[in-house]
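Note that the structure is predicted; figures quoted are calculated from it, not measured.
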Amino acid sequence: MGRMTELPTKGGFSFDLCTRNDMLLKNGLQMPPFRKTGTTIVGLVFQDGVVLGADTRATEGPIVADKNCEKIHFMAPNIYCCGAGTAADTEAVTDMVSSQLQLHRYATGRESRVVTALTLLKSHLFSYQGHVSAALVLGGFDVTGPHLHTVYPHGSTDTLPFATMGSGSLAAMSVFESKYREGLTREEGIELVAEAICAGIFNDLGSGSNVDVCVITEGKTEYLRNYQLPNPRTYISSKGYTFVKGQTEVLSTKITSIQPKVEAVEGGDAMEE
Amino acid sequence: MYKLIIKINVVGKLGRVWIAYMPTQLVWDKRFFVVFGQNASRCSKQVASPKSHGGEKLIRCLVIGSACSHSHPLPYLEKKKVYFLARSISLLSSLSFPLALSSPTNHLYSLAAMSIFEYNGSALVAMVGKNCFAIASDRRLGVQLQTVATDFQRVFKIHDRLYIGLSGLATDAQTMYQKLVFRHKLYQLREERDMKPQTFASLVSALLYEKRFGPFFCQPVIAGLGDNDEPFICTMDCLGAKELAKDFVVSGTASESLYGACESMYKPDMEPEELFETISQALLSSVDRDCLSGWGGYVLLVYAALLTPTEVQEKILKGRMD
């Protein structure tokens, strides 16, 4: 009968269009630039837990696609993950592992552990041999204490007291290497992370805009979205543009009103037997 | 059947190109370069650099040679003959016939580093106002530099309060739209209600990411009214990386100009009339700076007022037709 209707697939990647795309590439067409998060992402272990930090710029080639995107993704109430690399890959991988952790929590009835998330991530990335381009900084606090890991696109991981990833990682690492010490307090940890991200924002072209910080301690997580805004937009004209109504030439107009949908309400008198 | 015979003088000076479309038409256009022969692909790179042809911008570069040998072998002419023919043809340069290139069935274009997104050309923008949103697109459909249609639809309706615009390769845009309508209809049958814009955005993202290693070459712009008539806009790259914006989103070949125009012209909380003017002016001024999009504009504005029913306005804009 052949495939007449396309049913929703059961999950995983589909390679339908690969032959066509290869043909296009052979004929000289260029692949489009994917949205990347050029990025500076950092993580740090302090005395009571873990602090994660990220910048907020998403790039598409040399153009800034999003000036305030979220790079710190939720994995579990006590585990968060910063992502660098191809934006679609980091979002998809972290969403997928987050769902798997949720199912695992339902099955075991316990709080998720950071090493569980780590193993799920690394096995997925390794099985795609680095083609899923996601470089992650994973941090959390579970029953065994605070943990911080980095995951590379090919599937290798590191366990570290402080870590940086992304194009701005060298700028941020320079700050960490000079100022990190064990037993930092919460305020010192947040300040150090913010400083490292700012180093990435100002020195690396792939990172920019604002600083996001996430503090994970025992039983409590604080997501400080836009903790610092070191790049305010100050050059806007206060008057702005005003267009006179009717300035644009219109060829034709069509106006339709949307009919409000009738709602059927349950209840009322029961039918007689 | 491949019917092209091409001659070119590649070396040094500005080459005059003619494309003989057997058996009848003769065409001349000095911006075209055709590279012929065994080392065609190497020569084309030389040709493509501005120095080799007096700084004039290369518009198109057709490569014949090793690429076509398997499909329709062309006789390899000696250099002398090539040169002679080129000179004789350049005498005919006073005749300027209209260019009519129809692509052969075996597509042998080397597009000189043209992106797949620049094949058809598109411009899309969506903006949020006060209890309203607007989504606008251009109307040109082209095959590279030739315009094929001036009434092409890029903004599609999913349901009354949700619209999607698809930029990029037109064939992928239409296929994506058909798949999405199919999935939405299934959803309507199962859930007995329309999809929320946020849910729909996740659906589009999942469909695009499914094809991660062989993607659809289209970038969607989604605009809709969510709960409590809250306007929602979102765009994605061709892999499904969502960007939820609160002010405006842009997509297409004119996206860089659109970013600039929208950054300057956008104000938060605009009323519907003002929003319409702003989005139209942003679109028209941006497509003026992009060869591949334009030829009119189409704006769709949805306004949810408190007491009157939700209104949908579709307007066709008068723009430059070049």
Side-chain angles (χ1 to χ4, degrees), chain A residues 5-6 8-9 11-25 27-35 37 58 60 63-66 68-69 86-92 131-132 236-237 240-261, chain B residues 63 107-117 119 160-161 168 179 182-183 186 205 208-217 219 235-243 245 255-256 259 264-265 267 273-274 276-278 280-281 284 296 302 308-319:
Chain A
T5 52
E6 204 187 291
T9 47
F13 292 123
S14 120
F15 298 93
D16 288 351
L17 297 172
C18 285
T19 349
R20 175 198 78 153
N21 290 1
D22 278 340
M23 182 272 292
L24 287 169
L25 282 172
N27 281 345
L29 288 163
Q30 247 186 0
M31 276 297 269
F34 303 138
R35 188 168 300 150
T37 52
E60 206 160 352
I63 306 293
V64 176
D66 194 349
N68 203 2
C69 70
T86 306
D89 285 334
T90 54
E91 277 179 30
H131 290 285
V132 175
I236 316 173
S237 148
Y241 277 83
T242 24
F243 297 107
V244 176
K245 184 182 170 180
Q247 189 169 349
T248 318
E249 286 183 72
V250 175
L251 289 173
S252 68
T253 312
K254 183 174 149 198
I255 302 182
T256 35
S257 293
I258 301 177
Q259 304 302 325
K261 292 208 154 75
Chain B
V63 176
H107 197 49
L108 294 175
Y109 268 110
S110 162
L111 295 152
M114 197 180 236
S115 163
I116 184 68
F117 280 109
Y119 190 76
D160 281 339
R161 298 148 77 88
K179 280 178 185 268
F182 169 68
R183 295 289 292 266
L186 274 180
S205 176
L208 289 170
Y209 192 71
E210 202 180 10
K211 305 258 185 278
R212 162 70 172 87
F213 297 115
F216 280 118
F217 296 119
Q219 287 165 323
T235 185
M236 288 166 217
D237 70 345
C238 63
L239 292 183
K242 270 188 282 191
E243 183 204 324
S255 61
E256 293 176 27
Y259 275 126
S264 329
M265 296 183 192
K267 284 185 292 199
E273 282 106 19
E274 210 190 336
F276 167 74
E277 294 293 334
T278 309
S280 315
Q281 292 295 327
L284 290 172
V302 178
T308 54
T310 311
E311 203 179 68
V312 176
Q313 291 176 14
E314 293 170 56
K315 294 193 185 180
I316 311 270
L317 304 175
K318 182 171 173 184

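- Using cut-offs of 30° and 60° for the angle between ring planes, the A:H131 and B:F213 rings count as perpendicular.
- Note that the OG atom of A:S252 and the NZ atom of B:K318 stand 13.0 Å from one another [nearest 0.5 Å].
- For chain B, the nearby part of A:E91 is the side chain; its heavy atoms alone come within less than 4.5 Å.
- For the set A:L25, A:I63, A:D22, the entry with the most heavy-atom pairs within less than 4.5 Å of chain B is A:I63.
- The backbone N or O of A:Y241 sits less than 3.5 Å from a side-chain atom of B:K267, completing a donor-acceptor pair.
- Contact detail for B:G214 and A:N21: the closest heavy-atom pair is C-ND2, 3.1 Å.
- Neither the backbone nor the side chain of A:N68 has a heavy atom closer than 4.5 Å to any heavy atom of chain B.
- One finds the CD atom of A:Q259 at 10.0 Å from the OG1 atom of B:T310 (value rounded to the nearest 0.5 Å).
- Shortest non-hydrogen contact noted between A:D89 and B:Y209 is OD1-OH, 2.6 Å.
- At most 12 non-hydrogen atoms from other residues, nucleotides or ligands lie less than 6.0 angstrom from CD of B:E256.
- B:E273 and A:K245 get closest at one heavy-atom pair: CG-CE, 3.7 Å.
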Exercise for review: Would you please test A:T248 and B:E277 for side chain to side chain donor-acceptor pair (under 3.5 Å) and show each step?
Suggested key: CA-CA 6 Å; A:T248 318; B:E277 294 293 334; 2.7 Å; yes
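- Interface summary for chain A: among B:A245, B:G168, B:S280, B:G240, the most heavy-atom pairs under 4.5 angstrom belong to B:S280.
- For a residue to count as touching a neighbouring chain, one of its non-hydrogen atoms must lie under 4.5 Å from one of that chain's; by this rule B:E243 touches chain A with backbone and side chain alike.
- Contact detail for B:L317 and A:L251: the closest heavy-atom pair is O-CD1, 3.9 Å.
- Heavy atoms of B:S205 lying under 4.5 Å from chain A are absent altogether.
- Interface remark: A:F13 contributes backbone and side-chain atoms alike to the contact with chain B (heavy atom separation under 4.5 Å).
- Taking CD1 of B:I116 as the start and CG of A:L24 as the end, the distance is 4.5 Å to the nearest 0.5 Å.
- Using a 4.5 Å cut-off between heavy atoms, B:T235 contacts chain A through both its backbone and its side chain.
- Separation of atoms CZ (B:F276) and OG1 (A:T253) is listed at 7.0 Å; rounding is to 0.5 Å.
- Heavy atoms of B:L284 lying under 4.5 Å from chain A belong exclusively to its side chain.
- Of the atoms belonging to A:V132, heavy atoms from both backbone and side chain fall under 4.5 Å from chain B.
- With rounding to the nearest 0.5 Å, the separation of OG1 in A:T256 from CG in B:D160 is 8.0 Å.
- Considering all non-hydrogen atoms of both residues, B:F216 and A:R20 come closest at CA-NH2, 4.4 Å.
- The CD atom of B:E210 lies 10.0 Å from the CG atom of A:L17; values are rounded to the nearest 0.5 Å.
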**Study point:** side chain to side chain donor-acceptor pair (under 3.5 Å) assessment of B:K211 paired with A:S14
**Key:** CA-CA 5 Å; B:K211 305 258 185 278; A:S14 120; 2.6 Å; yes
